Every structure is written in structure tokens, then in C-alpha cells.
> 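Okay, here's the structure, questions in a sec.
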Amino acid sequence: MESLKVHNSLKPGPPVPFVPMEPGKVSWYACGPTVYDKSHLGHARNYVSSDIIRRIMMHYFGFKVNYVMNMTDVDDKIIIKARRQRLLDLEKKKKYSKQDLHELGLAAFRAYASSNLSLLADDASKLDETNYTKRRDAAYGRVLSGGTLSGDGKPADPEAKIKMHLGNMDAAAEALKQDAIFPGADEVLLTYLDSLYKDTIDTSDQTMFTDLTQSMEALFLEDMDNLNVLRPDVITRVTEYMPQIAKFVEQVVDKGFAYEAEGSVYFDIGAFEKAGNTYARLRPESKNDKGLQEEGEGSLSKNLGGKRGPGDFALWKRSKAGEPFWPSKWGEGRPGWHIECSVMASDVLGSRMDVHSGGIDLAFPHHDNELAQSEAYFCEHNKGEHTWVNYFLHMGHLSISGSKMSKSLKNFQTITDALATTYTARSMRVVFLMGRWNDGVEISPDMRAQSDNWESAISNFFTNTKSWLLEAGISDGVKTLSISKDQPPTGLLADLDQAKKDVEAALTNSFDTPRAMLILLKLVNTANVYVKENKDFELAQVEAVARWITKMVGIFGLDSNASFPYDGLGWASSIAADVDPKQAVKPYAEVLNSVKTEVSALSLSSEVLPALLSQDPSRDFESTASTGTRDIERLALPYLRVVSQIRDELRRIVSSQTPETRRAILAMTDRIRDADLTNLGVYLDDRPDNQPSLIKFIPAAELIRAREEKAAREAEKTAKREEARLAREKAEQEAREKAMVPPEEMFKKDERYGAWDETGMPTKMKDGSDVPKSQLKSLKKMWEKQKKAHDELKAKGGLQKS
């Protein structure tokens with residue numbers, strides 16, 4: 001196997017060799033979520049991509065990975081959201097007159113505009129629900145119509161933020177019009193009430209914060225389970241590490257790399273660099289970016305003073321009124337954002353780790369500050385810089401319409417909603433696999449189509465391979481078929497051998513999954529061509545390809561029912577652990593019994609049917625169930641084989657039956673295929689020349705959707721045919737009514753003319769002038785056409801009135 005190389009953010013450029021500190025083992029710390037809201041597709045991009053790399057490391061390269069993830073349950077965003085919600089809940093309990101409540105909503109409305117929408121801030125005191133729409137459109141019409149604030153370039157984060165704020169204002173304006181302040185104006189009230197009363201909240205009761213974070217953490221883990229993301233080996237939480245955080249900060253201070261100022265403690269970048277250390281090793285170009293520095297410090301830290309250097313960042317923050325607090329030698333406070341990861345990662349993994357990962361937007365200042373404070377903590381003076389992280393892996397972020405998907409911009413789709421409406425866990429993972437993990441991803445219709453086509457091609461190949469195996473009488477894989485290893489691979493096996501080498505080259509090249517996905521697809525297409533061009537193809541070769549692809553999609557995490565070492569064939573199927581196998585196969589047995597009863601009632605003449613109708617597949621089922629398998633396909637197969645054989649015999653003898661019996665048989669065979677079995681996730685693929693139908697296991701939802709789409713297409717065709725018939729009849733009726741008019745009369749009702757000759761042709765205009773010769777020529781053609789139509793109708797007897 002080739003040596004693995006990875007893109008390491010600490011060493012920009014091409015991938016570098018991956019050499020863990022302990023052979024065969026990888027220590028990995030991943031920045032987890034700030035649990036204050038539901039997780040969105042941006043989180044999915046980060047954690048699914050990390051999961052893919054983790055699975056490849058474990059199940060392809062054979063590393064033993066110790067994967068640690070934190071849950072940030074103390075953070076400015078958490079404090080603000082929980083506090084504001086508490087204040088809003090308290091406000092809703094107050095007794096307000098209708099007028100007072102409207103004035104409260106209006107004050108919040110104006111304050112929100114002043115703080116967040118600069119083009120509405122001027123004269124905001126006169127802004128109200130009656131003039132808001134006009135002023136909004138005048139100020140931000142360009143943004144609302146898809147443009148930018150400046151009029152140049154494409155919309156990005158600033159425009160997304162404007163749209164988010166305008167959305168909140170729109171809702172509040174409507175609430176003011178309807179006198180429905182709660183809940184319509186909640187978003188503008190949250191910030192307004194916080195500005196008035198934040199200092200009054202008793203934060204010694206931390207349940208307002210823990211209730212929020214615990215519920216959001218549970219939702220996050222549920223989302224990850226639904227996305228088939230492996231659970232971390234260790235989960236750490238900031239609130240469980242407060243004493244360790246305070247001690248960690250003390251040691252950084254004692255080493256001279258941090259200082260106390262007005263109850264807060266700041267990291268001293270100047271002292272750190274003076275001692276020979278490097279700051280901002282991940283993003284040196286961003287070290288003086290004030291915007292990123294302020295974002296890293298958090299919105300609640302704006303008034304904390306005493307910093308010596310503009311880039312110095314907080315390790316410990318003095319808690320102000322309305323903020324949670326914990327004891328420390330500097331007084332009551334709370335940890336800075338970056339310190340938490342340093343403490344928790346070091347506690348579990350020690351002074352060095354192999355891998356640290358997170359979204360690319362965390363590179364500066366979060367990860368750079370983590371590195372600095374951790375290296376300061378562990379460094380020994382006069383012994384050079386300490387290496388805390390060997391490999392930094394940064395996942396590219398997800399974009400929507402040019403803007404990074406984020407909670408703060410409210411331009412996100414939650415994972416829960418996405419899985420309910422747009423994606424399956426597999427289809428979402430396929431999308432991410434089709435892009436490089438360290439590149440940005442903007443999901444487009446073309447990308448979705450490409451990933452959907454990939455999934456369909458793989459699924460169809462699995463389905464067909466299993467069907468061919470079933471036809472060959474093999475229900476448990478081709479364990480009885482063997483491939484000689486004494487000879488060099490040829491034909492399809494040579495293609496398989498090359499694909500294995502190409503996938504290895506792709507994965508060793510920094511987990512190049514887009515390349516690997518294309519290799520898998522190419523192999524499937526090659527196998528399909530092989531089967532099509534070889535009537536007597538070697539099933540063992542096709543099965544070998546299907547099993548290897550099964551292993552690879554298992555390694556990529558594309559099958560939530562499969563488990564390592566992924567030795568099955570195709571997408572794994574199973575029944576719930578608490579469901580009895582007999583109960584699970586009951587629907588299949590009921591279909592068979594119903595078919596037997598219905599066929600017996602027809603009293604058909606067939607030498608084969610009596611034997612088929614007398615078959616009892618329960619013995620074969622019991623034999624399969626006794627192996628302990630939970631695979632519903634294997635358990636149901638004995639019943640499905642008999643149903644398929646009965647149906648095939650009906651199709652064979654149908655042409656020799658009476659018309660009435662023929663109709664009954666055709667209706668029955670169609671219903672068995674399109675309804676009875678479709679609803680169970682089984683499709684019978686009919687083949688010509690009396691070949692037996694292939695039994696194909698396809699998710700019921702897919703089959704039902706295909707059936708409904710087919711019915712919709714047929715209904716649309718029928719509707720179009722009826723529409724065309726009616727249009728045709730209408731045109732024919734109009735033509736008939738027009739043809740009933742004698743040519744001598746056709747121009748006499750036209751008010752443009754004043755005189756006509758004996759044939760009815762106009763001779764004078766209404767004003768007495770002659771009809772222009774140029775007009776007479778076209779009128780003559782019309783007259784002749786009318787005469788022809790009238791004469792034809794007369795000849796057919798169509799002039800008689802009904």
C-alpha cells in the first residue's frame with residue numbers, strides 16, 4: 001500500500017506524508033459545535049467530511065483512531081440567546097394594555113432598525129409600520145432584488161445579513177399592523193429587551209443556559225446519528241472543565257505569556273513572539289485583521305479593557321452582570337472562546353496530538369489562538385517551540401448563493417428539515433464525497449444531478465447483481481463460486497484489479513474521494529457493458545466487482561445498515577432488532593396466500609400451477625431464520641420466489657385463455673407487480689421469451705414514487721389528449737359555423753364597406769371611395785376560400801340546421 005499523504009494547513013502546499021506519533025494509532029481532536037441552535041447543512045458538511053476521513057483512516061488504512069470532540073456549552077452566543085429568551089418569556093407574563101404593548105413593539109422595531117440597518121437608521125424615530133415598506137424598498141431594493149449593497153459583484157455575507165435583518169423587520173411590521181406583537185415581533189424584541197434588562201438577570205441560576213445547551217446537544221447528536229456519522233470516542237464539555245481551565249490559564253500567566261487586566265486575563269502575543277515562538281502559523285496574513293479578532297473575542301467582550309496589544313486575546317473574561325460566572329484567582333469570570341479546546345484536548349490527548357480538525361472559518365483566530373496558548377503552556381524556555389498539533393485538517397465550508405451558511409445569517413436549512421424534504425443521509429454524503437474535503441462546496445442543480453446519477457448507477461448495479469444471484473439459486477452471495485488466483489486477472493477482473501490500484505492512489509493522495517467516486521462509477525459502467533455484451537457472462541466476476549464496491553461504499557459511510565468489514569453485497573437491509581422474523585415476513589406471506597387463493601378460483605388448466613400452488617416456503621424460511629440473520633431480503637425470499645414463479649406461469653399460459661380469463665390474469669399479474677410487491681419494496685423485472693422474472697429488492701419509497709410518477713405522466717398524457725380533442729372539436733365547430741355563411745354574405749356585415757356587387761364582393765368603402773385594388777386582391781382570395789368551404793359543406797348536407 002502506498003504511503004498516505006494529507007493536506008496539512010500548517011504546511012500550505014501539496015499533501016505531506018502522514019506519519020502518526022505512534023505507528024498504527026491516530027490521536028484526533030475535532031472542534032465540535034457551539035450548541036445554541038439546531039444544526040444546519042454547514043455543520044453536516046464539516047462533520048460528515050470529517051467522518052469520511054476518519055472512516056477511511058480506520059477501515060481502509062487500518063489506523064486505530066482516538067477521536068475526541070468538544071461541545072461548546074459556554075459562549076457569547078449561548079449567553080445572549082438564553083438570556084434574551086428568558087427576558088422575552090418574562091415580558092410575555094407582564095400585564096400590558098393594547099396601546100402599551102403596541103408602543104413596546106414599535107420601540108423595539110425602531111431600535112432594531114437603528115442598530116442593524118444603517119440606511120434606515122436616519123430618522124428612525126419616525127419609522128413605523130405604515131411607512132416601513134416604502135422606506136425599506138427605497139433603501140434596500142437593490143439587495144432585495146438580488147443585487148449587492150454597492151451595486152457591484154455578487155451578493156455575499158453582507159447582503160445575506162441585510163436580508164436576515166429585513167426579514168425580522170418585515171415580521172415585526174406585520175405584527176404591529178395586526179396588533180399581534182407576540183410572537184410576530186419576537187426577533188426585534190429579543191435584542192431590545194436585552195438592551196434594557198440584561199443586567200437584571202440572576203445568572204447564579206444557570207439552568208437558563210444548561211437547558212438550552214443540553215437540548216441542542218441532544219439534537220446535534222441525533223442529527224449526526226441520522227447522517228450515519230460515527231459517535232466520538234470521547235465527548236468533552238466546557239462546563240465540566242472550569243477548574244482545569246482556570247489552572248491552565250494560571251500556568252500560561254506564570255510562564256510570562258499572559259497577564260491580568262481589570263479582572264480578565266489576556267494572552268500576550270508580543271511576549272510569546274519575543275520568546276521565539278510563531279503566532280498565527282495557520283493564517284499569518286490575518287493576524288492583524290481587526291474584524292476577525294473582534295469576532296473571536298465575542299460580542300460581549302467589547303467593553304473589557306486593559307489589553308496591552310490590539311491582537312491580544314482573552315483567556316479568561318471577567319463576567320459582567322447578566323453573564324454566567326465561575327470562581328478564579330482573578331475573581332468571578334468565564335473562559336475565553338479559544339482556551340476551552342486547548343484545555344480539553346490536552347487533558348485527553350496530552351501535550352501533542354496527531355490531528356486537529358474543524359471548519360476552515362475557524363483557522364483564524366480560533367485555531368491560531370489555540371496553537372499559541374497551548375504551545376505557551378507546554379513550552380520549555382530555551383528549548384525551542386513546542387509542537388502541539390502535527391496535522392491541521394480544515395474542512396471547506398458550504399455556500400448558498402455565494403454566502404457561507406451560518407446560524408447568525410439565518411440562511412441555513414437545518415439537517416432535520418433537509419433529511420425530511422430534500423436529502424437522504426446517503427445522498428447528502430454522496431454530494432460531499434463528490435467534492436474535496438478541504439475545498440468549499442456550493443451545492444448546485446448540476447452537482448445534485450451528478451450525485452443522484454452516481455447513486456442510481458451504484459444502486460442499480462447492486463440490485464441487478466443480487467437478482468442474477470437469486471436467479472442462479474444463490475441467496476447468500478457467491479460463496480460457492482470461486483475465482484482462480486493462480487492466473488493473472490483478465491477481462492472484468494483485470495478492470496477490478498486496476499480500479500483497486502486507482503482508488504488506493506486516490507485515497508493516499510489526501511483522501512481524494514472525488515477521484516475515488518469516479519473510479520467506482522467507471523467500474524460499474526464497465527461491468528454493465530460486460531454483462532450486456534456477454535450473454536453467458538461469468539457471474540463470479542460480476543459478484544467480485546459488486547462485493548468490492550460494497551466494501552468501498554461501506555468505508556465511505558454510505559450504508560447506515562452495514563458494519564465493518566463490509567463483507568456483504570449491496571446496500572445492507574435489516575429488520576429492527578426487536579421485531580420477530582416471522583412478524584417481519586408476514587406481509588410477504590400474506591401476498592403469497594392471497595395470490596394462491598385468487599389463482600385457485602380461476603380453475604386454470606396448467607400442468608405446472610398445481611405444484612406451485614401447493615408449495616409451502618415456510619420450511620425454507622425457518623432454515624434461513626435459524627442462521628440468526630436479520631436480513632429481510634433473505635428471510636422474505638422463499639415467499640417471493642413462489643409468488644414470482646406463479647406469476648411467470650400465469651404470463652406463460654395467458655394467451656391460450658378465454659378473453660374474460662385473459663383480462664383477469666393480466667390485471668392480476670400487473671397488480672402483483674405494481675401494487676402488492678411494490679408496496680413491500682420488491683420489483684419483478686419481466687423478461688421476454690418466457691424467461692423467469694428477476695426479483696429485485698428496491699426501497700419501497702422509490703418504487704412507489706416511480707409508480708406515482710408513471711401514473712402522473714399517464715394522467716397528463718390523457719389530459720393533453722382530451723384537451724387536444726376538445727380543441728380540435730372546437731376548431732371544427734368554428735370552421736363549420738364559418739363555412740355555413742354564403743360567400744355572397746360574408747362581407748356585408750363588415751362596417752368598413754358601403755357597396756357590394758352581385759357576388760357579395762365589396763366595391764365601395766363606407767366613405768363612398770372605391771375599394772383599393774391592393775385590397776380587392778386579398779378580398780377575392782378570402783371570397784374564393786369561403787365559397788369552397790361553403791360548397792363542400794353543402795355537398796355533405798351540412799347546411800341543414802339541427
Side-chain angles (χ1 to χ4, degrees), residues 462-478 480-481 535-536 539 543 569-570 573 581-582 584-625 629 631-658 661-698 700 703 707:
F462 285 155
T463 298
N464 291 333
T465 302
K466 289 199 286 187
S467 297
W468 295 323
L469 293 173
L470 294 178
E471 183 183 35
I474 303 166
S475 62
D476 195 23
V478 189
T480 58
L481 300 180
K535 185 176 181 181
D536 298 319
L539 184 55
E543 181 265 351
L569 196 160
S573 61
K582 284 187 178 180
V585 300
K586 188 176 179 181
Y588 304 89
E590 289 176 347
V591 168
L592 173 59
N593 292 333
S594 175
V595 168
K596 284 183 175 182
T597 301
E598 199 170 352
V599 173
S600 298
L602 292 176
S603 301
L604 299 171
S605 175
S606 167
E607 296 179 0
V608 177
L609 274 178
L612 292 175
L613 294 174
S614 64
Q615 283 192 56
D616 181 8
S618 59
R619 186 172 299 174
D620 288 339
F621 160 75
E622 294 289 353
S623 176
T624 302
T629 182
D631 188 332
I632 188 61
E633 294 179 9
R634 290 184 57 197
L635 293 167
L637 186 60
Y639 300 95
L640 294 171
R641 275 208 177 109
V642 179
V643 171
S644 181
Q645 290 166 358
I646 293 173
R647 183 175 173 277
D648 284 342
E649 177 63 11
L650 290 174
R651 292 174 63 234
R652 187 185 70 80
I653 66 175
V654 65
S655 60
S656 63
Q657 307 301 313
T658 64
T661 303
R662 190 181 305 134
R663 285 193 295 272
I665 290 175
L666 291 174
M668 186 195 313
T669 56
D670 284 350
R671 192 206 69 234
I672 292 170
R673 180 193 61 197
D674 300 333
D676 297 349
L677 295 184
T678 284
N679 294 340
L680 296 176
V682 178
Y683 181 73
L684 297 183
D685 191 355
D686 295 334
R687 297 188 292 175
D689 305 325
N690 289 323
Q691 295 182 83
S693 299
L694 282 176
I695 299 173
K696 295 185 174 183
F697 291 94
I698 301 173
L703 291 175
R707 181 180 66 193

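Predicted, not measured: the structure shown is a model, and the values here were computed from it.
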> When rounded to the nearest 0.5 angstrom, what is the spacing between CG in Leu612 and CZ in Arg641?
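Reported value, rounded in 0.5 Å steps: 13.5 Å.
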
> Determine the minimum heavy-atom distance between Glu471 and Pro692, stating which atoms define it.
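The answer is OE2-CG, 3.9 Å.
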
> Do Glu622 and Lys582 touch side chain to side chain, with heavy atoms closer than 4.5 Å?
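A side-chain contact under 4.5 Å exists here.
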
> Which heavy atom of Leu469 sits nearest a heavy atom of Leu569, and at what distance?
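For Leu469 and Leu569, the tightest heavy-atom pair comes out as CD1-CD1, 3.6 Å.
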
> Nearest heavy-atom pair of Val643 and Leu677: which atoms, and what distance?
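Heavy-atom minimum between the residues: CG1-CD1, 4.1 Å.
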
> Do Arg707 and Asn679 make a side-chain contact, defined as non-hydrogen atoms from C-beta onward lying under 4.5 Å apart?
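Contact flag for Arg707/Asn679 side chains = yes.
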
> Is any side-chain heavy atom of Leu640 less than 4.5 Å from a side-chain heavy atom of Leu680?
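Leu640 does not reach Leu680 side chain to side chain.
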
> Which is it for Leu604 and Ile665 under the side chain to side chain contact (heavy atoms under 4.5 Å, CB included) test, yes or no, and what are the steps along the way?
CA-CA 10 Å; Leu604 299 171; Ile665 290 175; 4.1 Å; yes

> With distance as the sole test, does Thr678 use its side chain to make a donor-acceptor pair with the main-chain N or O of Tyr683 at under 3.5 Å?
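Judged by distance alone, no pair lies under 3.5 Å.
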
> Checking Ser623 side chain against Arg619 main chain: does a donor-acceptor pair fall under 3.5 Å?
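Pair absent, no side-chain N/O of Ser623 close to backbone of Arg619.
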
> Give, for atom CD of Glu598 and atom CE of Met668, the distance between the pair rounded to the nearest 0.5 Å.
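CE of Met668 is found 4.0 Å from CD of Glu598.
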
> Could you tell me whether the side chains of Ser618 and Asp616 share a donor-acceptor contact shorter than 3.5 Å?
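Yes, because at least one side-chain N or O of Ser618 sits under 3.5 Å from a partner of the opposite role on Asp616.
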
> Given the rule in the side chain to side chain contact (heavy atoms under 4.5 Å, CB included) test, do Tyr639 and Val591 qualify, once you have shown the distances and angles that lead to the verdict?
CA-CA 9 Å; Tyr639 300 95; Val591 168; over 6 Å; no

> Between Ala636 and Val585, which heavy-atom pair has the shortest distance, and what is it?
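It is N-CG1, 4.0 Å.
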
> Taking C-beta and beyond as the side chain, do Ser600 and Leu613 meet within less than 4.5 Å on heavy atoms?
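Ser600 vs Leu613: side chains touch.
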
> Heavy atoms, side chains only, cut-off 4.5 Å: are Leu684 and Thr669 in contact?
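Not in contact.
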
> Find the distance between CG (Asn593) and CD (Glu590) and round it off to the nearest 0.5 Å.
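With rounding to 0.5 Å, CG (Asn593) is 8.0 Å from CD (Glu590).
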
> Can a salt bridge be assigned to the pair Arg673 and Asp670 using a cut-off of 4.0 Å between side-chain N and carboxylate O?
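Salt bridge present between Arg673 and Asp670.
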
> Would you say Leu609 and Ile653 make side-chain contact, with heavy atoms under 4.5 Å?
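Heavy-atom side-chain distance check passes, below 4.5 Å.
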
> Working to the nearest 0.5 Å, report the span between CG of Asn464 and CG of Asp685.
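Output value for this atom pair is 7.5 Å.
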
> Quick one: does Glu633's side chain get under 4.5 Å of Lys466's, heavy atoms only?
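With C-beta onward as the side chain, the pair touches.
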
> Any sub-3.5 Å donor-acceptor pair from Ser467's side-chain atoms to Thr463's backbone N or O?
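Yes; judged by distance alone, with no hydrogens or angles, the pair exists.
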
> Using 0.5 Å steps for rounding, measure from the CG atom of Asn690 to the CZ atom of Arg651.
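Rounded to the nearest 0.5 Å, the CG-CZ separation comes out at 8.0 Å.
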
> Look up atom CZ in Phe697 and atom CG in Asp631, then write down how far apart they are to the nearest 0.5 Å.
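Phe697 CZ to Asp631 CG: 8.0 Å, rounded to 0.5 Å.
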
> Counting only N and O atoms by type, is there a donor-acceptor contact under 3.5 Å from the side chain of Ser614 to the main-chain atoms of Pro610?
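Yes.
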
> Just wondering, do Leu694 and Arg687 contact through their side chains at under 4.5 Å, heavy atoms?
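Sidechains of Leu694 and Arg687: in contact.
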
